[in-house]
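Structure first, then comments.
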Amino acid sequence: MADNKEFFNRRLHSFLGVFPIGLFLMQHLVVNHFATYSPEAFNNAAHFMENLPLRILLEFALIYIPLLFHAVYGIYIAFTAKSNLKRYGYFRNWMFMLQRVTGVLTLIFVVWHVWETRLAYAIYGTEINFDLMADILSSPFMFWFYIIGVISAVFHFANGLWSFCVTWGLTVTPKSQKFVTYVTLGVFVIFTYMGIASLISFAF
Amino acid sequence: MAEETMIKMIIQRQDEPEAQPYEEEFDIPYRDNMNVISALMEIRRNPVNAKGEETTPVYWDMGCLEEVCGACSMVINGKAMQSCTALIDQLEQPVRLEPMRTFPVMRDLAVDRTQMFDSLKQVKAWVPIDGTYDLGEGQRMPESKRQWAYELSKCMTCGVCLEACPNVNDNSDFIGPAALSQVRLFNTHPTGEYHKAERMEAVLDEGGLQACGNAQNCVEACPKGIPLTTSIAALNREATLHSFKSFFGSDHHV
Ligand code: HEM
Ligand code: SF4
Ligand code: FES
């Protein structure tokens, strides 16, 4: 193991998918959900996050660097697989391929989303608030782009939790793996609902 | 004599390892309880294709003819399985035969599974008993454990699980589920257990355990019903503990 980095890299990739990226995703969707109460509620929640101490450090340590590693290595992993769904159309094989497809979709979405919000703020000083999102999402194209992006990201995270449990040896028996399939289905439904509800509140 | 029932077979052929594959159709007279191998034997007896042209006999591999050697594995109607136990009556027609392309094709339906045997060597899938002195009798194994281990020992290195795995291909050096499950078997053996730590190191080498992406086709495809995904997850748990111990340190050896 000593001179082989593959094991370490794969475990790091798996770990970062949940801590911190997955936790951040959940946090992000919870903050966004305040938009369903009122624009002010969202702005307050967003400002609370913006005013956390050491914001830049937190962003780099908990989001940018882990996400960059996970995404780059994830693309590599995704393209070493060869789909055989046509011949072996089992449920888990579908989840396996969807994990890879949603990873790539999520990457496209996240790059655009960060460009439009966080980078626009850093470069042009664009203020990040309810109105910015309402403006972006008033275009039907962008609205559906965000819908697909959010569903992809949430699916990828929820199904990723399932494989995280296998990767670390938490769920060994088929029974426990099946149980966690239902748990992660629940995670998928809840966070997809929250994400879409927020997008609708911004847009309409 | 009543008119003969014919079965139609479409076989993907390849004359030699580097040659282009091509398809050839055959009409074969049906007999009761025929399996895919007896159909292939019929072609060998009378190598004439569906167009009535004389052709070379289709080549395939076989050994035991009772699903214990694994040599006759091929892709039948899209799924990898043993041709000796694939009954014509249970197959949709036309019956399509292809070699398992995960492996290098030698000729027609015969493939070279050397990589699987190399993987077994890589992960030390044996119980070492040779030494400079007589080790005496081994420990006895509890019956319950023996029965459980017996299930894992049924693996015949047939390659069906590798053919079914989306992560075993030219882009990856993943050794596949079969060898991983054998590690669990040999770690269970009272004497084999002595080499648990060494096997774990070997299993975490390039293309080892970590290259599994949990598509879980292997466990569906294995003709022996070996709990491959349970073995992989169990090894994952051991690997987690192993890496903690080797990083933080531990007095717990083997
Ligand atoms: C919203 C951001 C993301 C989150 C929350 C996330 C989360 C996760 C989690 C929890 C896993 C499971 C790890 C495991 O199997 O043990 C995972 C796996 C994976 N992720 Fe991501 N991920 C994100 C973005 C991406 C991106 C941008 C890519 C790029 C293509 C990607 C590609 C992959 C791949 C290929 C796997 C499967 C790894 C395997 O099965 O070994 N992910 N992700
Ligand atoms: S585990 Fe099953 S499918 Fe894989 S090689 Fe062994 S017998 Fe064949
Ligand atoms: S000939 Fe041995 S498994 Fe079919």
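Note on naming: letters A, B, ... go to the chains in the order of the sequence lines (proteins, then strands), and numbering restarts at 1 for each one.
When the shell of 6.0 Å around CD of B:E18 is examined, it contains 12 or fewer heavy atoms from other residues, nucleotides or ligands. The neighbour count for B:Q20 CD, taken as heavy atoms of other residues, nucleotides or ligands under 6.0 Å away, does not exceed 12. In this structure, A:W144 places its CH2 atom where only 12 or fewer heavy-atom neighbours from other residues, nucleotides or ligands lie under 6.0 Å away. Summarising the local packing, CH2 of A:W115 is surrounded by 12 or fewer heavy atoms from other residues, nucleotides or ligands at distances under 6.0 Å. Counting heavy atoms of neighbouring residues, nucleotides and ligands inside a 6.0 Å radius, atom CZ of B:R107 exceeds 12 of them. Within a 6.0 Å radius of CD in B:Q147, more than 12 heavy atoms belonging to other residues, nucleotides or ligands are found. Heavy atoms from other residues, nucleotides or ligands lying under 6.0 Å from OH of A:Y124 number 12 at most. Annotation for B:F117: atom CZ counts as buried by contact number, over 12 foreign heavy atoms lying within 6.0 Å.
Atoms CG and CG, on A:L85 and B:N217 in that order, are 8.0 Å from each other to the nearest 0.5 Å. Summarising the geometry, atom CG belonging to A:L170 is positioned 7.5 Å from atom OG1 belonging to B:T240; distances are rounded to the nearest 0.5 Å. In this structure, CD1 in A:I77 is found 9.0 Å from CG in B:N167, a value given to the nearest 0.5 Å. Here SG of B:C212 is found 8.5 Å from CZ of A:F96. Values are rounded to the nearest 0.5 Å. The distance from the CG atom of B:L204 to the CZ atom of A:F8 is 13.0 Å, given to the nearest 0.5 Å. Interatomic distance, B:T230 OG1 to A:K175 NZ, rounded to the nearest 0.5 Å: 12.5 Å.
Top candidate by heavy-atom pairs under 4.5 Å with chain A, chosen from B:A239, B:A233, B:G207, is B:A233. Heavy-atom pairs under 4.5 Å with chain B peak, among A:R11, A:K86, A:M95, A:Q99, at A:R11. Between chain A and the residues B:G208, B:A221, B:S172, B:G213, the largest count of heavy-atom pairs under 4.5 Å involves B:G213.
Residue B:V219 does not touch chain A at all, counting heavy-atom pairs closer than 4.5 Å. Within the 4.5 angstrom heavy-atom criterion, only side-chain atoms of B:N169, from C-beta onward, approach chain A. If you measure heavy-atom distances from A:T171 to chain B, the contacts under 4.5 Å come from the backbone alone.
In this structure, the side chain of B:Q216 does not engage the main chain of A:N93 through any donor-acceptor pair within 3.5 Å. A:N84 places a side-chain N or O within 3.5 Å of a backbone atom of B:A164 that can act as its donor or acceptor partner.
Between B:K79 and A:Y88, the closest side-chain pair of non-hydrogen atoms falls below 4.5 Å.
Residues of residues 152-168 of chain A lying under 4.5 angstrom from chain B, judged on non-hydrogen atoms, are A:W162, A:S163, A:V166, A:T167, A:W168 by number. Listed by sequence position, A:Q177 are the residues of residues 177-202 of chain A in contact with chain B, using a 4.5 angstrom heavy-atom cutoff.
Across every non-hydrogen atom of A:F79 and B:N171, the tightest pair is O-ND2, 3.5 Å. For B:D205 against A:E6, the heavy-atom pair with the smallest separation is O-OE1, 4.1 Å.
Between A:R87 and B:E163 there is a salt bridge, since a side-chain N of the basic residue sits under 4.0 Å from a carboxylate O of the acidic one.
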Worked verdict on A:R92 versus B:T229 for side chain to side chain donor-acceptor pair (under 3.5 Å):
CA-CA 11 Å; A:R92 269 291 144 211; B:T229 50; over 6 Å; no
